[in-house]
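These notes are about the structure you will find just below.
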Amino acid sequence: SQQGEEDPQALSIQEGENATMNCSYKTSINNLQWYRQNSGRGLVHLILIRSNEREKHSGRLRVTLDTSKKSSSLLITASRAADTASYFCATAYTGANSKLTFGKGITLSVRP
Amino acid sequence: DSGVTQTPKHLITATGQRVTLRCSPRSGDLSVYWYQQSLDQGLQFLIQYYNGEERAKGNILERFSAQQFPDLHSELNLSSLELGDSALYFCASTQYLAGGAPGELFFGEGSRLTVL
C-alpha cells in the first residue's frame with residue numbers, strides 16, 4: 001500500500017499541552033498534506049508541505065517533513081478542547097496521475 | 001463551507017438496490033475525487049476524474065461506477081448494494097499544482113449510506 005501511516009492511532013492530552021502526531025510513507029512524494037475531521041463531517045485541509053520544504057507553520061500548527069526518513073510530524077501547540085478530532089496525513093506521490101492517498105487517521109482527544 | 005456540495009446527505013436503502021450520489025465541485029476545480037469512509041477501512045480512494053475523464057482508479061468495486069459530466073458535476077453509482085457498502089461517501093475537488101500533483105482537497109460533507 002502506498003498510503004501514509006499515522007502514529008499514534010489515538011492520543012489523549014490535557015488542554016494546554018502540545019500534541020505531536022507522526023506520519024510515515026513509503027515512496028517519493030510531491031507533497032504531503034494534513035487534514036482534520038470532526039466526527040461525521042467532511043475533512044478540512046490544514047497544511048500542505050512540498051517535498052523540497054522542511055517545515056511549515058500555520059497558527060498553532062507546525063508541520064515538518066524529513067524526506068530522508070520518509071516521515072512527517074504535525075505539532076499542535078497549546079491544544080484546546082476544540083482541537084478534539086481525527087487527523088489524517090495524505091501523500092501525493094510523484095509520477096503521472098498522482099492521487100492523494102490517506103492514512104487511517106489519529107484520534108486526538110483534548111481534555112478540558 | 002468548502003464550496004463542494006454533495007447530495008443526498010443521508011440515504012437508507014435495502015440490499016440489492018441501486019443509488020446515485022451526486023457531487024458539485026468547487027467553482028473552478030476540474031478534478032473530482034470520490035472516497036469511501038467506513039469504521040474499519042478508514043478513508044479509501046475510489047476514483048478520480050479530471051475535466052470529464054477518468055484519471056485514477058482505486059479500490060472501486062465493479063458494482064460501483066462514476067462519471068463526470070461536462071458541467072463538471074460528478075455522480076457515483078452504487079448497485080447491487082450489500083450491507084458492507086454502508087459508509088460515508090465523500091467527494092472532494094481540487095486544482096493541480098505545477099508538475100501535476102494534487103493540491104489541497106476541498107471535501108463535501110459526505111453522503112451517509114445505510115444499507116439494511
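In the text below, chain A, chain B and the rest are named by the order of the sequence lines, each starting its count at 1.
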Handout entry: Ring-ring centroid check A:Phe102 B:Phe45, cutoff 6.0 Å
Key = no
Exercise for the section: Could you tell me which non-hydrogen atom of A:Gln37 sits nearest to which non-hydrogen atom of B:Phe90, and how far apart they are? Expected result: NE2-CZ, 3.5 Å
Handout entry: Rounded distance (nearest 0.5 Å) linking atom NZ of A:Lys99 with atom OG of B:Ser31
Key = 12.5 Å
Handout entry: Residue A:Gln14 excluded, over 12 heavy atoms near CD under 6.0 Å
Key = yes
Handout entry: Atom group of A:Leu48 that falls short of 4.5 Å from chain B, counting heavy atoms
Key = side chain
Exercise for the section: Kindly indicate whether the side chain of B:Thr94, heavy atoms from C-beta on, has any atom under 4.5 Å from the side chain of A:Leu100. Expected result: no
Practice task
Verify the cluster assignment for A:Leu75 and A:Leu108: are they in a single hydrophobic cluster under the rule of side-chain heavy atoms below 4.5 Å apart?
Solution key: no
Exercise for the section: Check whether B:Leu105 and B:Val32 end up in the same hydrophobic cluster, where Ile, Leu, Val, Met, Phe, Trp and Tyr are linked by side-chain heavy atoms less than 4.5 Å apart. Expected result: no
Fill in the blank from the handout: Closest heavy-atom pair, A:Gln33 versus B:Glu104, reported as atoms and distance to 0.1 Å, is OE1-CA, 3.6 Å
Practice task
Report, as yes or no, whether the 6.0 Å neighbourhood of atom CZ on A:Arg80 holds more than 12 heavy atoms from other residues, nucleotides or ligands.
Solution key: no
Problem - Heavy-atom proximity to chain A below 4.5 Å, by part of B:Gln6 - result: neither
Practice task
Over all heavy atoms of both residues, which pair between B:Arg112 and A:Gly40 is shortest? Give the atoms and the distance, please.
Solution key: NH2-CA, 4.1 Å
Completion exercise
Correct closest heavy-atom pair for A:Asn31 and B:Pro102 would be ND2-O, 3.1 Å
Handout entry: Backbone of A:Thr101 reached by a side-chain donor or acceptor of B:Tyr35 within 3.5 Å
Key = no
Practice task
Give a yes or no on whether A:Ile49 and A:Trp34 share a hydrophobic cluster (residues Ile, Leu, Val, Met, Phe, Trp, Tyr; joining criterion: side-chain heavy atoms under 4.5 Å apart).
Solution key: yes
Exercise for the section: Look at the side-chain heavy atoms of Ile, Leu, Val, Met, Phe, Trp and Tyr, link any pair under 4.5 Å apart, and say whether A:Ile47 and A:Tyr25 land in one connected group. Expected result: yes
Practice task
State yes or no: do B:Ile60 and B:Leu43 share one hydrophobic cluster built from I, L, V, M, F, W and Y residues joined by side-chain heavy-atom distances below 4.5 Å, directly or via other members?
Solution key: no
Exercise for the section: Report, as yes or no, whether the 6.0 Å neighbourhood of atom CZ on A:Arg41 holds more than 12 heavy atoms from other residues, nucleotides or ligands. Expected result: no
Exercise for the section: Side-chain contact test, heavy atoms from C-beta onward, threshold under 4.5 Å: evaluate it for B:Phe106 versus A:Val44 and give yes or no. Expected result: no
